[in-house]
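Beneath this line is the structure, given in structure tokens, with notes to follow.
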Amino acid sequence: MNFRKPALSALFVCLLGAGFSGIAAAGPNDPATLGKIRDAAMQSDWSYQRLEDMTDLVGPRLSGSAGGAAAVEQVAAAMRALGAKVTLQPVKVPHWVRGEEKGELVDYKGRPANITQRVVLTALGGSGATPAAGLTAPVVIVKDFDELKARAAEVKGAIVLFDVVFDQGMADRGLAGNAYGHGSRYRSTGPARAAELGAVAALVRSVGGATYRLPHTGATNMKDGQRIPAAAVTAEDAMLIGRLLKRGPVQMKLTLTPQILPEADTFNVIADLPGTEKPDEVVIVSGHLDSWDLGTGAHDDATGVTTSMGVLHTLKQLGLQPRRTIRMVAWANEENGLRGGNAYFQANKDKLDKQFAAIETDGGVGRTFGVQGGVRREAEKYFAPLQAALLPIGAGVFNRRDSASGADVHQLEAGGVPSFMPYVDTSAYFDYHHTPADTFDKVDPLNMKRHVAVLSALTWYLANTDDPIGRAPEQK
């Protein structure tokens with residue numbers, strides 16, 4: 001994801017100066033209706049309660065797990081209770097399970113007798129396994145792929161540590177997605193590249209902020225022939241290893257015993273609020289249901305699912321029926337496969353003209369400033385009434401981008417479906433991301449309400465607009 005500091009468009013500044021004259025639309029998107037939607041969402045704890053249900057009662061929801069299956073049933077039941085039309089779309093997903101994980105520095109220059117040092121680490125999703133008794137090998141630190149290649153002779157037979165620092169300064173200035181993208185590519189492809197050069201295992205410095213000795217997991221992409229053990233170490237332990245290597249060689253004993261089991265059956269949870277005039281045209285509002293197994297996946301992405309559920313609750317509470325069908329989707333398997341988004345795209349690729357717009361929220365619920373929209377530049381002006389309705393809660397920004405899609409709706413956007421996401425402060429998001437600390441208590445209830453208000457107003461607006469927002473800019 002790519003984030004920038006909020007800025008009001010020149011058009012919106014003009015509208016502010018004019019007191020919003022001339023933007024009061026007739027019909028479902030009139031200011032009064034949008035205001036009612038905003039206010040109802042800001043006064044409701046329904047989504048926050050569903051978040052508590054998901055994180056505290058179900059807990060971790062990695063694809064193929066019992067938690068993943070329980071979450072499907074929980075969300076489907078809540079949507080049926082609202083009167084939505086619920087469909088469970090079958091999806092085959094990877095089933096990787098974590099085993100024992102232990103790292104220990106067993107030899108280094110200056111080591112006192114009988115002393116070893118524990119390394120705090122966690123296996124990466126898709127990691128291979130060490131022998132049950134572990135493996136011991138020298139550690140080689142590299143800062144990038146060029147250095148990996150240059151030191152190929154040292155890499156063979158070694159444990160490679162990709163020591164890439166997460167740039168919190170970028171995150172603090174609205175570029176958290178850029179900082180994460182820089183580090184995560186070493187997690188995603190680094191172990192496979194190390195395997196090609198003969199490494200016996202690979203480690204990555206955890207991709208995230210808040211250096212409180214928390215390991216950040218995530219997926220790594222390796223084929224069966226190159227599936228070496230792979231883990232993320234904490235920032236503190238990466239720095240420790242680096243300091244010790246300046247003194248001399250370092251030997252590590254690594255034990256990882258994950259398993260890759262046969263693929264499992266799960267579902268995308270699809271809940272429809274049928275349209276009254278154009279029921280075959282769909283506006284998606286969504287988040288992904290799966291989470292990593294270390295924490296309870298509160299920000300990533302239980303908030304995305306439960307705030308999307310909150311859209312249907314808000315409209316049902318007000319007795320509002322959209323012109324187009326509003327479709328809440330809880331995606332399966334975003335974290336380690338994107339199988340849910342792919343299954344939906346395959347089922348709808350021949351009728352993308354009926355997918356009017358797609359919203360995905362997968363950046364937590366920090367302070368929400370408005371909306372990011374992947375629409376053509378000339379369509380930006382059509383969102384002024386929505387901006388006006390959200391301004392009283394400090395969420396009146398519309399940030400137009402050529403691409404605003406989340407991972408699950410990326411294929412839809414590439415096929416021309418306009419995509420949207422809430423414009424959220426993510427400066428602290430990667431403090432908890434993929435860690436044991438991503439829990440319910442990290443979610444601010446007021447931020448959650450504002451998030452639901454933005455999603456509800458945006459979804460309703462898209463489901464009822466007559467404006468020609470058109471297809472998304474062409475993807476290259």
Side-chain angles (χ1 to χ4, degrees), residues 41 44 46-55 57-58 61 63-93 264-276 278-291 297 301-334 339-348 351 354-362 406 408-409 412 417 452 455-456 459-460 462-463:
S44 175
W46 188 88
S47 288
Y48 192 64
Q49 292 165 357
R50 301 293 76 73
L51 175 70
E52 185 175 10
D53 290 346
M54 187 176 294
T55 55
L57 303 183
V58 174
R61 304 173 299 282
S63 293
S65 69
V72 167
E73 293 302 320
Q74 187 185 80
V75 172
M79 292 291 89
R80 290 188 186 106
L82 286 181
K85 178 183 176 183
V86 175
T87 303
L88 299 181
Q89 182 185 19
V91 183
K92 281 278 189 186
V93 296
D265 295 308
T266 189
F267 305 91
N268 286 331
V269 182
I270 299 173
D272 286 351
L273 183 59
T276 57
K278 300 179 179 181
D280 58 335
E281 295 186 10
V282 173
V283 175
I284 295 169
V285 58
S286 66
H288 68 82
L289 192 54
D290 62 314
S291 77
D301 186 32
T303 51
V305 173
T306 54
T307 55
S308 296
M309 294 165 66
V311 172
L312 270 64
H313 175 264
T314 301
L315 301 181
K316 281 284 190 177
Q317 182 184 23
L318 294 171
L320 293 172
Q321 291 294 125
R323 296 171 63 198
R324 296 181 181 88
T325 293
I326 291 175
R327 173 166 293 168
M328 193 290 300
V329 184
W331 305 104
N333 182 233
E334 187 272 348
R339 299 282 187 88
N342 184 61
Y344 186 89
F345 177 79
Q346 292 300 322
N348 292 278
K351 46 186 176 181
K354 298 301 182 182
Q355 306 293 306
F356 186 79
I359 308 164
E360 182 172 2
T361 180
D362 185 17
D408 293 292
V409 303
L412 294 173
V417 179
V452 177
L455 281 181
S456 297
T459 306
W460 174 261
L462 290 167

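Being a predicted model, the structure only gives us computed values, none of them experimental.
Among all heavy-atom pairs drawn from D301 and H288, the shortest one is OD2-N, 2.8 Å. Contact between T307 and S47 at its shortest, heavy atoms only, is CA-OG, 4.0 Å. For the residue pair G340 and N333, the shortest heavy atom distance occurs at N-CB, 4.5 Å. Closest heavy-atom contact between L455 and S308: CD1-N, 4.0 Å. Annotation for L312 and A271: closest pair CD2-O, 3.9 Å, computed over non-hydrogen atoms. Here the shortest heavy-atom pairing between A264 and G64 reads CB-CA, 3.7 Å.
Here the options are I326, V285, I359, the test is side chain to side chain contact (heavy atoms under 4.5 Å, CB included), and the partner is L462; only I359 passes.
Of the possible polar contacts, none joining the Q355 side chain to the N348 backbone as a donor-acceptor pair under 3.5 Å is found. For the pair Q74 (side chain) and V58 (backbone), a donor-acceptor distance under 3.5 Å is absent. Here the side chain of D272 pairs no donor or acceptor atom with the backbone of K85 at under 3.5 angstrom. The backbone N or O of L289 sits less than 3.5 Å from a side-chain atom of R61, completing a donor-acceptor pair. Remark: the backbone N or O of V282 is not paired with any side-chain donor or acceptor of T325 at under 3.5 angstrom. Checked by atom type and distance alone, the side chain of R80 never pairs as donor or acceptor with a backbone atom of V86 at under 3.5 Å. Here the side chain of T266 pairs no donor or acceptor atom with the backbone of V91 at under 3.5 angstrom. Under the 3.5 Å distance criterion, the side-chain polar atoms of T276 are matched with a main-chain donor or acceptor of P322.
Expressed to the nearest 0.5 Å, how far CE of M309 lies from OG of S286 amounts to 13.5 Å. Note that OG1 of T87 is 13.0 Å distant from CE of M79, once rounded to the nearest 0.5 Å. To the nearest 0.5 Å, atom CZ of residue R323 and atom CH2 of residue W460 are 10.0 Å apart. How far OG1 of T306 is from NE2 of H313: 12.5 Å, rounded to the nearest 0.5 Å.
Counting heavy atoms from C-beta outward, S44 and T314 have side chains that stay 4.5 Å or more apart. The shortest distance between side-chain heavy atoms of I284 and L412 falls below 4.5 Å. Residues K92 and D265 form a side-chain contact, since some pair of their non-hydrogen atoms from C-beta on lies under 4.5 Å apart. Looking at M328 and V311, their side chains never come closer than 4.5 Å, going by heavy atoms from C-beta outward. Residues V305 and V269 fail the side-chain proximity criterion, which asks for heavy atoms closer than 4.5 Å. Side-chain atoms of L57 and E52, non-hydrogen and from C-beta on, never get closer than 4.5 Å to each other. V417 has its side chain out of reach of V409: every pair of non-hydrogen atoms, C-beta onward, lies at least 4.5 Å apart. Side-chain atoms of R327 and I270, non-hydrogen and from C-beta on, do get closer than 4.5 Å to each other.
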Run the side-chain contact (heavy atoms from CB on, under 4.5 Å) test on M54 and V75 for me, step by step, so that the C-alpha distance in whole Å, both residues' side-chain angles and the decisive distance to 0.1 Å come before the verdict. CA-CA 8 Å; M54 187 176 294; V75 172; 3.6 Å; yes
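Note: W331 and Y344 have perpendicular aromatic rings, judged against thresholds of 30 and 60 degrees for the angle between ring planes.
Listed by chain and number, the residues in a side chain to side chain donor-acceptor pair (under 3.5 Å) with Y48 amount to none (sequence neighbours excluded).
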